[in-house]
Each structure stands twice: as structure tokens, then as C-alpha cells.
Amino acid sequence: MLKINKLHFKYKNSKIDNIENFNLKINKGEIVGILGESGSGKSTMLRIIAGLEQAYKGSISIADNIVYNENKFVEPEKRGIGMVFQDYALFPHMTIAKNIMFGLKKINKTDKEKRMMDMLKLVNLEEHKDKYPHELSGGQQQRVAIARALAPNPSILLLDEPFSNLDANLQEKIRTELKEIIQRANITSIFVTHDKEDAKALADKVIILEDGKIIKSGNAKDIL
Ligand SMILES: Nc1ncnc2c1ncn2[C@@H]1O[C@H](COP(=O)(O)OP(=O)(O)OP(=O)(O)O)[C@@H](O)[C@H]1O
Ligand SMILES: [Mg+2]
């Protein structure tokens, strides 16, 4: 589903590679965790996969289509990727329903509403559809962000620190919920965390990043 080969990336003002020789292969439906300390390059890597940053060497393909190599760069909106940002980035002036329908540009109103309702059901928020984001809890807002990312039916879901904004007591509940949502949606996912326990609970495969380099990778149960 996703193949990344010998990828190198550098921010404009950086003298060294911020991502160095990154390799990854993910099969359909797998959940991959990228684990690493602050500044190790986790968010950068998600942004490169989404097409929000451009690498300078290597290649990325999604569902057998090249989206990046030295001669090609596919724009983010054409990559079929859904992204949930660390702060969820919901539109505060739009209801939950409108937030979820936001990315559904090309389809008619009836289909849009049906898709929105399906997504609300998936994340268990049907009764909150007409509320605004500030009227929901952190965990509920996160589920709206996931529903919005999944609505256009992406082939890959990227989640940046899905647990960092949430109450520690809720951590376990949210982990279980998130795992259930991902499995129900049957979507290939990559999530970023600095917490080993998150990776253990959620990931099939794990990549450990340090200073932009993979220092360890493999099956979660073997390496964590
Ligand atoms: N826009 C930018 N311009 C230049 N350097 C950047 C930029 N964004 C991040 N960096 C640098 O790139 C490196 C990786 O940053 P990144 O945000 O990917 O880390 P991270 O692993 O997501 O950290 P955190 O856990 O704190 O979110 C850091 O050294 C950071 O200072
Ligand atoms: Mg980050």
C-alpha cells in the first residue's frame, strides 16, 4: 500500500538531513507506529508522506503509484491521504456535520450527507452532529478529526500524536477506541507517538526514529 525507498529530506535552513535514508513498506490494513523523542523527525516524516514537504532524494509510492521521486511530485490533495493533526485542526465556526463534509467536494448533497452520517456512526458521535467543536471533549474532537479525514475514503490515514492532547486517565479508553475505529474502517494507518505504550497497544509494525534516522524497525511484538 505504501512504499518508501531511501528517502532523504532537509529543511531549507538546515545543514544536515532532517530525514536520512528512510525506508518503509506497509501492507494494506496494517497499522504502523513511528516512535521517537521530540525533534526526531516524526511529524516531518508524516508531512513528507502527505506531500506537505518535499524530499530531495528517494521515492514514495502509494497503492503502486509513484507520488514522489526525483522527477515527480504529486500534490497532497491528489495522494488519497487523510491526515489528523496533533491539534485536530477542526473548523471552530462549523458544526461537526459541516466539518466532516468539508473535504467532500465533488459529490452531490444527498451522498455527502449519507457519507457524513456513516462517518459519524463509525466514530460513535451521531447525536453530536449539530454541535460545534468547542462543545465536545478532547477525545470527541479527535474522533471528529478522524471522521473528517476518513470521509473522502483515503487509502492511508496519518495521525500525528493522537494521544498527546488527551487526559491521561482516558488514554487507555481512547487507545482501544482508536484501534476499533481503525479496524472497523479497515484502513492502512501510520501514527506518530513518543510513548512506547501507545505503540505497543496499537501498532502492528514499529519504526524507531532518532535524529531523523531509523535505528530500529520491525514487528511491534518483537522489538518493543
Ligand atoms: N519548518 C521547519 N524548519 C526548519 N527545521 C524544522 C522545521 N520543522 C521542524 N524542524 C526541525 O526538524 C527536526 C524534526 O522535527 P519534527 O517536528 O519532525 O520532530 P518530532 O519528532 O515531530 O518532534 P515532537 O515530538 O516534538 O513533535 C527538529 O530538529 C526540528 O527542529
Ligand atoms: Mg511532532
Side-chain angles (χ1 to χ4, degrees), residues 2-26 30-60 62 67-68 73 75-77 79 81-90 138-139 141-146 148-149 154 156-168 170-172 174-175 178-179 182 188-218 220 223-224:
L2 176 73
K3 225 186 215 163
I4 302 179
N5 226 336
K6 297 182 182 155
L7 201 81
H8 292 257
F9 168 83
K10 201 162 84 66
Y11 285 108
K12 272 201 193 74
N13 53 4
S14 173
K15 291 200 176 68
I16 52 153
D17 277 358
N18 297 95
I19 295 292
E20 195 180 320
N21 195 27
F22 191 97
N23 293 284
L24 173 64
K25 223 169 121 181
I26 311 182
E30 272 182 329
I31 307 178
V32 172
I34 301 181
L35 185 61
E37 289 181 3
S38 181
S40 57
K42 306 182 299 294
S43 299
T44 302
M45 201 50 233
L46 288 193
R47 293 175 58 79
I48 298 169
I49 296 170
L52 302 171
E53 305 285 355
Q54 186 168 354
Y56 71 84
K57 206 159 87 186
S59 65
I60 304 176
I62 297 172
V67 296
Y68 168 75
F73 181 81
E75 296 298 320
E77 62 278 15
R79 292 191 180 196
I81 282 182
M83 183 141 175
V84 177
F85 294 92
Q86 189 164 346
D87 60 0
Y88 315 141
L90 297 175
Q141 289 182 33
Q142 180 188 55
R143 273 140 62 200
V144 176
I146 294 171
R148 185 179 62 183
I156 301 175
L157 178 66
L158 307 179
L159 303 127
D160 198 347
E161 296 272 2
F163 308 103
S164 64
N165 276 332
L166 304 168
D167 198 326
L170 283 178
Q171 202 105 346
E172 205 170 315
I174 305 267
R175 271 192 205 129
L178 183 60
K179 182 145 196 173
I182 290 175
T188 310
S189 320
I190 305 178
F191 73 96
V192 148
T193 181
H194 57 267
D195 185 341
K196 213 171 163 172
E197 296 306 313
D198 289 342
K200 252 189 193 164
L202 259 184
D204 302 313
K205 275 185 191 163
V206 173
I207 286 185
I208 303 180
L209 266 191
E210 207 176 278
D211 296 331
K213 295 183 268 297
I214 297 178
I215 57 159
K216 221 176 188 187
S217 67
I223 67 168
L224 292 181

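Counting starts at 1 for both ligands and their atoms, in listed order. If you read the sequence from its start, that first residue is 1, and numbering goes on from there.
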From L202 atom CG to I182 atom CD1, the distance as rounded to the nearest 0.5 Å: 5.5 Å
Six-ring centre of F191, R175 cation under 6.0 angstrom, axis tolerance 45°: no
Stepwise side-chain contact (heavy atoms from CB on, under 4.5 Å) check, F22 with N5: CA-CA 7 Å; F22 191 97; N5 226 336; over 6 Å; no
Under 3.5 Å side-chain donor-acceptor pair for S43 and D160: yes
The single option from K6, K57, K213 passing salt bridge (charged side-chain N to carboxylate O under 4.0 Å, His left out) against E20: K213
2.8 Å cut-off met by an N, O or S atom of S43 to the Mg ion (ligand 2): yes
H194 and E161: side chain donor to acceptor below 3.5 Å: yes
Sub-4.0 Å heavy-atom environment of ligand 1, residues by chain: Y11, N13, N18, E37, S38, G39, S40, G41, K42, S43, T44, E161
